[in-house]
Amino acid sequence: MSGGSDFVAAGQYRHLRACMVCSVVQTQQKFIKDGCPNCEDYLNFRGQPDFVDDCTSPVFEGLITLRDPKNSWVAKWQRLDGYRKGVYAVKVSGNLPVEAADLLATHNIEYRPRDGSDVNQD
């Protein structure tokens with residue numbers, strides 16, 4: 001991640017959350033202020049703290065830093081190719097609300113859980 005606004009101070013680690021749709025990791029405040037860098041066009045997190053709480057999770061495993069998602073084998077393996085560069089969780093625990101899955105469906109996006117339970121992985 002680039003720029004000072006993406007830096008997470010050591011005392012803020014407990015405020016990190018991962019998007020249940022794309023697995024990007026940011027602070028809760030960054031999700032509320034800026035939305036999700038990958039899902040904002042579909043889920044509209046910006047300015048909606050309750051929706052951020054419902055669609056992100058503080059329970060995730062591992063971190064991946066992607067600098068070049070289009071050419072990264074790790075990005076392809078984690079289904080992150082096509083997303084923006086940044087920090088992503090390997091696995092994200094939680095259940096996406098039905099309303100959020102319905103919003104994705106209206107944009108012809110199939111929700112695939114990122115908790116390791118998806119048996120249809122490529």
Side-chain angles (χ1 to χ4, degrees):
M1 299 175 93
S2 63
S5 66
D6 292 331
F7 176 77
V8 177
Q12 297 297 305
Y13 292 151
R14 69 177 180 269
H15 299 292
L16 289 175
R17 297 182 73 86
C19 176
M20 287 188 225
V21 177
C22 73
S23 80
V24 72
V25 176
Q26 304 183 130
T27 62
Q28 182 178 27
Q29 283 304 97
K30 188 157 178 66
F31 275 115
I32 294 167
K33 181 179 179 249
D34 299 331
C36 178
N38 301 301
C39 304
E40 189 61 22
D41 290 344
Y42 315 112
L43 295 179
N44 304 309
F45 288 161
R46 192 176 295 129
Q48 298 191 60
D50 290 339
F51 201 56
V52 167
D53 285 348
D54 291 344
C55 297
T56 64
S57 174
V59 182
F60 55 88
E61 295 178 29
L63 291 175
I64 300 168
T65 302
L66 290 181
R67 215 178 97 205
D68 187 6
K70 290 182 181 168
N71 296 313
S72 167
W73 69 267
V74 174
K76 184 171 176 53
W77 169 59
Q78 287 293 124
R79 300 184 337 255
L80 302 172
D81 46 333
Y83 288 158
R84 298 200 177 157
K85 64 182 177 179
V87 177
Y88 292 83
V90 175
K91 289 185 179 180
V92 182
S93 297
N95 297 311
L96 190 71
V98 173
E99 305 82 44
D102 289 346
L103 280 172
L104 292 172
T106 63
H107 294 281
N108 294 319
I109 298 170
E110 177 186 0
Y111 170 63
R112 293 174 66 186
R114 294 196 169 267
D115 62 1
S117 67
D118 186 2
V119 293
N120 295 320
Q121 291 185 354
D122 304 305

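Excluded from the calculations below are hydrogen atoms, water molecules and symmetry mates; all remaining heavy atoms, backbone and side chain alike, are included. Keep in mind it's a predicted model, so treat the numbers as computed, not measured.
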Evaluate the criterion side-chain contact (heavy atoms from CB on, under 4.5 Å) for residue pair Leu63 and Val25; output intermediate values, then yes/no. CA-CA 8 Å; Leu63 291 175; Val25 176; 3.9 Å; yes
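A distance of 10.0 Å separates CZ in Arg46 from NZ in Lys30, rounded to the nearest 0.5 Å. Expressed to the nearest 0.5 Å, how far SG of Cys19 lies from OH of Tyr83 amounts to 7.5 Å. The distance from atom NZ of Lys33 to atom CD of Gln26, rounded to the nearest 0.5 Å, is 11.0 Å. Here the CG atom belonging to Leu96 is positioned 6.5 Å from the CG atom belonging to Leu104, to the nearest 0.5 angstrom. Atoms NZ and CG, on Lys70 and Leu80 in that order, are 14.0 Å from each other to the nearest 0.5 Å. Atom SG in Cys22 sits 11.0 Å away from atom OH in Tyr42 (nearest 0.5 Å).
When all heavy atoms are compared, the tightest approach of Arg114 to Ser23 is CD-CB, 3.5 Å. Among all heavy-atom pairs drawn from Ile32 and Pro49, the shortest one is CD1-CB, 3.6 Å. The minimum heavy-atom distance linking Asp115 with Lys91 is given by the pair O-CD, 3.9 Å. In terms of heavy atoms, Ile64 sits closest to Gln78 at CD1-CG, 3.4 Å.
With hydrogens and angles ignored, the 3.5 Å screen pairs no side-chain donor or acceptor of Arg84 with any backbone N or O of Val24.
Shown here is Tyr111, whose OH atom has more than 12 heavy atoms of other residues, nucleotides or ligands within 6.0 Å.
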Donor-acceptor pairs under 3.5 angstrom involving side-chain atoms of residues 51-58: please list them, not counting sequence neighbours.
{"unit_1": "Asp53", "atom_1": "OD1", "unit_2": "Gln28", "atom_2": "NE2", "d": "2.4"}
{"unit_1": "Thr56", "atom_1": "OG1", "unit_2": "Arg17", "atom_2": "NE", "d": "2.6"}
{"unit_1": "Thr56", "atom_1": "OG1", "unit_2": "Val52", "atom_2": "O", "d": "2.5"}
{"unit_1": "Ser57", "atom_1": "OG", "unit_2": "Val59", "atom_2": "N", "d": "3.0"}
{"unit_1": "Ser57", "atom_1": "OG", "unit_2": "Val59", "atom_2": "O", "d": "3.2"}
{"unit_1": "Ser57", "atom_1": "OG", "unit_2": "Ser93", "atom_2": "O", "d": "2.6"}

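No side-chain heavy atom of Asp68 sits under 4.5 Å from any side-chain heavy atom of Ser72.
The hydrophobic clustering, which links ILVMFWY residues whose side-chain heavy atoms are closer than 4.5 Å, places Met20 and Val98 apart.
Using a 30° and 60° split on the angle between ring planes, Phe31 and Phe45 fall in the perpendicular class, above 60°.
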